[in-house]
Amino acid sequence: MLKIGEIGWIEKDKPKCGPSDAIIKPLAIAPCTSDVHTVWEGAIGQRHNMILGHEAVGIVNEVGREVKDFKPGDRVIVPAITPDWGSEAAQRGFPSHSGVALGGWKFSNFKDGVFGEYFHVNLADSNLALLPDKIPLEAAVMLPDMLSTGFMGAENAKIEIGFSVAVLGIGPVGLSSIAGAKLKGAGRIFGVGTRPKLIKIAKKYGATDIINYKKGNTSEQIMDATEGEGVDAVIVAGGGPDILIDALNIAKPGAKISNINYFGRGIGEGDIIPISRSGWGFGMAQKDIVTGLCPGGRLRMERLAQIVIHGRMDPSLMASHVFKGFDHLEKALLLMKDKPQDLIKPVVLLDG
Ligand code: NAD
Ligand code: ZN
């Protein structure tokens with residue numbers, strides 16, 4: 001990112017490794033819709049000459065003298081969020097917000113991201129996980145953010161066995177939420193989206209019903225399908241500033257509305273997001289809007305790897321466009337911005 005609205009290539013020095021840190025050479029990287037919010041919507045404010053990207057698996061190039069569990073040559077999963085585990089927020093149970101709200105999100109926010117020949121990881125022992133050989137790179141690169149965030153959507157929705165769940169938005173994050181809802185034991189799962197290729201994966205991951213939000217009002221369609229009852233949990237994984245209106249309208253009293261959508265400024269003017277007065281039971285229906293930033297850290301990545309190794313979910317289905325070599329990165333990022341019909345997630349594989 002050269003500045004808001006402008007991308008390009010830039011030469012930088014190799015990052016320096018602190019005593020508890022690591023330097024990683026990426027093996028697979030993936031652009032995120034959040035990178036699009038950062039560059040083309042200026043969602044986190046102005047940044048000059050910042051390396052983008054926060055989704056990577058790679059090979060350890062260098063470790064600091066205090067790092068115990070990793071050495072050069074290890075293949076690792078790098079979480080998108082790399083908290084300061086000793087921070088007050090982490091000790092309170094909110095590591096993604098270490099230092100400041102969203103403060104665990106360091107790559108391509110407070111420091112250079114992973115779309116470089118080398119990148120820096122703080123607290124290597126707590127923020128890296130070994131990449132099991134069994135997981136192919138295009139599947140592995142979905143763990144740092146897509147699976148971690150999408151599954152968090154389902155976890156925060158407090159899904160119980162047999163719950164009905166609606167997932168609004170079926171990009172790669174929403175698709176991962178559908179898979180997460182199924183893993184959590186949901187009964188009926190509504191996927192709200194339109195693109196045929198994504199609908200196919202949504203069904204594979206566990207969606208039982210598809211709602212086309214372009215062919216009618218989402219709330220009405222889901223209320224009709226549930227005979228006016230609504231759903232036990234809602235996960236918001238896409239949509240514009242008005243999307244919480246649908247979410248509240250279709251939530252049963254007591255339901256969690258689990259938001260993982262990034263309300264970047266580009267998707268709506270101003271600072272206010274509407275919610276529906278009656279849908280929210282005039283503020284009293286015990287419909288809770290819960291939010292979260294992608295969980296990071298080593299244990300999270302190790303657990304996600306278990307899901308993949310034991311065949312609970314195949315994230316490689318989301319790697320719709322796989323390229324080889326840094327030269328293709330710009331194309332991959334632009335695909336994420338333009339979202340052609342058949343795009344789910346572009347991945348760029350590198351030699352390491
Ligand atoms: P995506 O753009 O690929 O998918 C979102 C989909 O929602 C799109 O296909 C879009 O057409 C669709 N949509 C638009 N309006 C809709 C509506 N009214 N109802 C239903 N669907 C609608 O994006 P993604 O990569 O899947 O990411 C989803 C969101 O999650 C983005 O805002 C991204 O920045 C955010 N995100 C958040 C975190 C986090 O930590 N919370 C992490 C990663 C990504
Ligand atoms: Zn992301």
Side-chain angles (χ1 to χ4, degrees), residues 29-41 43-44 52-56 78-81 96-97 101-102 104-109 113-115 141-153 155-156 166-178 190-199 201-202 210-219 221-222 234-247 249-250 258-268 290-296 300 318 320-321 333 335-346:
I29 48 183
C32 177
T33 304
S34 303
D35 293 307
V36 175
H37 294 310
T38 300
V39 182
W40 285 283
E41 294 163 12
I44 55 171
L52 288 166
H54 50 262
E55 300 181 13
V78 185
I81 304 301
S96 290
H97 309 289
L102 315 184
W105 173 21
K106 298 183 190 305
F107 293 127
S108 62
N109 185 6
V114 303
F115 294 169
V141 76
M142 301 295 163
L143 272 54
D145 191 357
M146 297 300 96
L147 258 59
S148 191
T149 301
F151 286 4
M152 173 191 71
E155 291 163 326
N156 286 353
V167 179
L168 311 185
I170 54 167
V173 172
L175 289 173
S176 302
S177 287
I178 289 174
F190 291 91
V192 180
T194 59
R195 291 190 274 156
K197 188 162 174 181
L198 286 80
I199 288 173
I201 309 291
I210 300 294
I211 301 289
N212 184 332
Y213 67 95
K214 290 187 177 159
K215 288 207 173 134
N217 177 289
T218 298
S219 313
Q221 294 187 69
I222 291 185
V234 183
I235 302 171
V236 181
D242 292 343
I243 194 73
L244 292 178
I245 298 176
D246 278 330
N249 285 344
I250 61 174
S258 170
N259 180 74
I260 46 180
N261 201 22
Y262 179 162
F263 289 96
R265 288 206 182 85
I267 62 167
V290 291
T291 70
L293 176 68
C294 171
R300 179 72 169 179
M318 292 191 284
S320 60
H321 294 62
L333 182 58
L335 276 173
M336 206 58 188
K337 170 173 171 274
D338 298 335
K339 304 255 157 82
Q341 277 277 320
D342 63 340
L343 181 97
I344 305 178
K345 190 87 178 167

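Please read these numbers as outputs of a predicted model, since none were measured by experiment. In each ligand, atom 1 is the first atom listed, and ligand 1 is the first ligand listed.
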When you measure from the side chain of Ser177 to the backbone of Gly153, do you find a donor-acceptor pair of N or O atoms at a distance under 3.5 Å? no
Protein contact of atom 6 (C) of ligand 1 - nearest heavy atom, named by residue and atom, plus distance: Gly171 N, 4.0 Å
Out of curiosity, is Gly193 lining ligand 1, as in a heavy atom under 4.0 Å away? no
Given Asn261, Val236, Val192, identify the one with the heavy atom nearest to atom 32 (O) of ligand 1. Asn261
Can a donor-acceptor pair be found, under 3.5 Å and without considering hydrogens, that links the side chain of Gln221 to the backbone of Gly216? yes
Is there a polar contact between ligand 1 and Ile260, counting only N or O atoms under 3.5 Å apart? yes
Judged by atom type as modelled, is there a donor-acceptor pair below 3.5 Å linking the side chain of Ser96 to the main-chain atoms of Gly104? no
Distance-only N or O hit between ligand 1 and Gly240, under 3.5 Å: no
I need the contact type for Ile243 against ligand 1. Using non-hydrogen atoms and a strict under-4.0 Å cut-off, is it side chain, backbone, both or neither? side chain
For atom 1 (P) of ligand 1, grab the closest protein heavy atom and report residue, atom and distance to one decimal in Å. Lys339 NZ, 3.6 Å
Flag, side chain of Lys345 to backbone of Pro31, donor-acceptor distance under 3.5 Å: yes
Element-labelled atoms of ligand 1 that are located less than 4.0 Å from some non-hydrogen atom of Gly292: 41 (N)
Nearest protein heavy-atom contact for atom 15 (N) of ligand 1: which residue, which atom, what distance? Gly239 CA, 3.3 Å
Nearest protein heavy atom with distance in Å, relative to atom 24 (P) of ligand 1: Thr33 OG1, 3.4 Å
Any N/O of Asp246 closer than 3.5 Å to an N/O of ligand 1? no
Check each atom of ligand 1 against the heavy atoms of Cys294 and keep those under 4.0 Å away; list them by number with element. 39 (C), 40 (O)
Ser320 side-chain N/O to Ile344 backbone N/O, donor-acceptor pair under 3.5 Å: yes
With nothing but distance in play, are any N or O atoms of Thr218 less than 3.5 Å from an N or O of ligand 1? no
Are any non-hydrogen side-chain atoms of Phe107 and Val78 less than 4.5 angstrom apart? yes
Please check this pair: side chain of Asn261 against backbone of Phe263, looking for a donor-acceptor N/O pair closer than 3.5 Å. no
Should the pair His54 and Trp105 be assigned to parallel (<30°), tilted (30 to 60°) or perpendicular (>60°) ring geometry? perpendicular
Would you say Asp338's side chain and Leu335's backbone share a donor-acceptor pair under 3.5 angstrom? no
For atom 44 (C) of ligand 1, what is the nearest protein heavy atom, given as residue, atom name and distance? Ser34 OG, 3.5 Å
At a threshold of 2.8 Å, where the distance has to be below it, does the Zn ion (ligand 2) have an N, O or S atom of Cys32 nearby? yes
Logged contact type for Ala237 with ligand 1, heavy-atom cut-off 4.0 Å, is backbone
Thr33 vs Lys339 side-chain heavy atoms within contact, under 4.5 Å: yes
Geometric N/O contact Gly174 with ligand 1, under 3.5 angstrom: no
Let me confirm one number: the CG-CD1 distance from Leu198 to Ile210, rounded to the nearest 0.5 Å. 10.0 Å
Contact region, Lys345 to ligand 1, non-hydrogen atoms below 4.0 Å, reads neither
Could you check whether any heavy atom of Gly264 sits closer than 4.0 Å to an atom of ligand 1, since that is the contact criterion I want to use? no
Side chain, backbone, both or neither: the part of Thr149 lying under 4.0 Å from ligand 1 by heavy atom: side chain
Can you tell me the protein heavy atom closest to atom 12 (C) of ligand 1 and the distance? Tyr213 OH, 3.7 Å
What's the shortest distance from atom 8 (C) of ligand 1 to any protein heavy atom, and which residue and atom give it? Arg195 NH2, 4.4 Å
At under 4.0 Å between heavy atoms, which part of Asp145 makes contact with ligand 1: side chain, backbone, both or neither? side chain
Tell me the contacting part of Tyr262 for ligand 1: side chain, backbone, both, or neither, using a 4.0 Å heavy-atom threshold, strictly below. both
Tell me whether Asp145 has at least one N, O or S atom under 2.8 Å from the Zn ion (ligand 2). yes
Can you find an N/O atom of Leu293 closer than 3.5 Å to an N/O atom of ligand 1? no
Quick one: does Ser148's side chain have a donor or acceptor within less than 3.5 Å of a partner on Pro295's backbone? yes
Side-chain (Lys197) to main-chain (Asp342) donor-acceptor, under 3.5 angstrom: yes
Nearest protein heavy-atom contact for atom 27 (O) of ligand 1: which residue, which atom, what distance? Val173 CG2, 3.4 Å
Separation between SG of Cys294 and CD1 of Ile81, rounded to the nearest 0.5 Å: 5.0 Å
Can you check whether Gly53's main-chain N or O pairs, donor with acceptor, with Asp35's side chain at less than 3.5 Å? yes
Checking side-chain polar atoms at under 3.5 Å, does Ser219 have a donor or acceptor matched by the opposite partner on Asp246? yes
